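Predicted model, so just to flag it, every value in this text is computed and none were measured. Starting from 1, each residue takes its place in the sequence as its number.
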Amino acid sequence: MGLQHEFFLVPDTVDAYCFSIERQVEAAIDVVYIHDDLIVYMWDTLQWIPSKTPRKTGIEEGLGLNRWGITVLDDESVEKISNILQAWRMLFKMSPHQLTLTGGLMWTENELVEYEQLKFQREEVLEQLDKLIVFTKQVQNKSYYICHWGV
């Protein structure tokens, strides 16, 4: 299955640090899994999102997702992430059924070979983005946040 990013919709009554450190997945309302290759492909645009990182000593504010750690997306984040996700969704919707994207350079022991071809099923990607967009609307309209667990 490969490396996955997990996006949890969590009630704001649940402490983000405890949710993450204690892996309290049962407290989440729902979850979306998105492959790391797709997140990396969209990476530059995801770094525009205001975000927070829960620490034992408090919340650290910043921009973007923590690829290998925890990121909290709250009411200050969701408008921007929603717009970015919708823009990617519109682009991906125009793709063939098998969505092929250019990944990173692949190396052999001695030489550079070529760019990796990332292959996804369009409908699966659209469903994941749709679900995450719904999460952003939940955060805007109710008392929730999105907790992202990186790979």
Next on the checklist: Is the ring pair His35/Phe120 parallel, tilted or perpendicular, if the boundaries are 30 and 60 degrees?
Outcome noted: perpendicular
Within a strict 4.5 Å, meaning less than it, do heavy atoms of the Pro11 and Ser143 side chains meet? no
When rounded to the nearest 0.5 Å, the distance separating CG of Asp74 from CD of Gln140 is 11.5 Å
**Item:** Pairing of Arg67 and Asp36 as salt bridge, 4.0 angstrom limit
**Value:** yes
One should read off an interatomic distance between Asp75 CG and Asp12 CG, to the nearest 0.5 angstrom, of 9.0 Å
task: Check whether any side-chain heavy atom of Val32 sits under 4.5 Å from a side-chain heavy atom of Gln128, and report yes or no.
output: yes
Rounding to 0.5 Å, atoms OG1 (Thr71) and CG (Leu65) come to a distance of 5.0 Å
Using the ring of each side chain (for Trp, its six-membered ring), is Tyr145 parallel, tilted or perpendicular to Phe19, with breaks at 30° and 60°? perpendicular
Separation between CG (Leu99) and CE (Met94), nearest 0.5 Å, reads 11.5 Å
Would you say Ile81 and Leu91 are hydrophobically clustered, going by side-chain heavy atoms of ILVMFWY under 4.5 Å? yes
- prompt: Quick one: are Thr136 and Ile146 in side-chain contact, heavy atoms under 4.5 Å?
  reply: yes
### Any Lys52 side-chain heavy atom under 4.5 Å of Glu60 side chain
no
Leu126-Phe135 co-clustered via ILVMFWY side chain contacts under 4.5 Å = yes
**Item:** Check against side chain to side chain contact (heavy atoms under 4.5 Å, CB included), Ile34 and Phe7
**Value:** CA-CA 8 Å; Ile34 300 179; Phe7 293 86; 4.0 Å; yes
Joint hydrophobic cluster, Val31 plus Leu132, side-chain heavy atoms closer than 4.5 Å | no
Residues pairing under side-chain hydrogen bond (donor to acceptor under 3.5 Å, both in side chains) where one sits in residues 114-127, two or more places apart or in two chains, turn out to be His97-Arg122
*Decide whether Ile49 and Ile59 are clustered together by the hydrophobic rule: side chain heavy atoms of Ile, Leu, Val, Met, Phe, Trp, Tyr closer than 4.5 Å, transitively.*
no
Under 3.5 Å donor-acceptor, Thr45 side chain and Met42 backbone: yes
### Query
Are Asp30 and Phe8 close enough that some pair of their side-chain heavy atoms sits under 4.5 Å apart?
no
Subject >> Hydrophobic cluster identity match, Leu73 and Trp88, side-chain contacts under 4.5 Å >> reply: yes
Residue pairs meeting salt bridge (charged side-chain N to carboxylate O under 4.0 Å, His left out), one or both in residues 80-93, sequence neighbours left out, come to Arg89-Asp130
Closest non-hydrogen atoms of Ile70 and Cys147, given as atom of the first, atom of the second and distance, are CG2-SG, 3.9 Å
If we only count heavy atoms from C-beta on, is the Glu61 to Pro50 side-chain gap below 4.5 Å? no
**OP:** Decide yes or no on side chain to side chain contact (heavy atoms under 4.5 Å, CB included) for Ile39 and Leu46, but give the supporting numbers first.
**Re:** CA-CA 8 Å; Ile39 294 292; Leu46 297 175; 4.1 Å; yes
TODO: Would you mind reporting whether Val72 and Thr53 have side-chain heavy atoms less than 4.5 Å apart?
DONE: no
Quick one, Phe92 and Leu38 - any side-chain contact, counting heavy atoms below 4.5 Å?
yes
Let me see the working for Glu6 and His148 under side chain to side chain contact (heavy atoms under 4.5 Å, CB included), right down to the final yes or no.
CA-CA 6 Å; Glu6 300 168 283; His148 161 259; over 6 Å; no
Could you tell me if Ser82 and Gln86 have a donor-acceptor pair between their side chains, going purely by distance under 3.5 Å?
yes
Are Trp149 and Tyr33 near enough that their ring centres are under 6.0 Å apart?
no
Quiz item: Could you walk me through whether Gln4 and Val151 pass the side chain to side chain contact (heavy atoms under 4.5 Å, CB included) check?
Solution: CA-CA 6 Å; Gln4 300 281 328; Val151 294; 5.7 Å; no
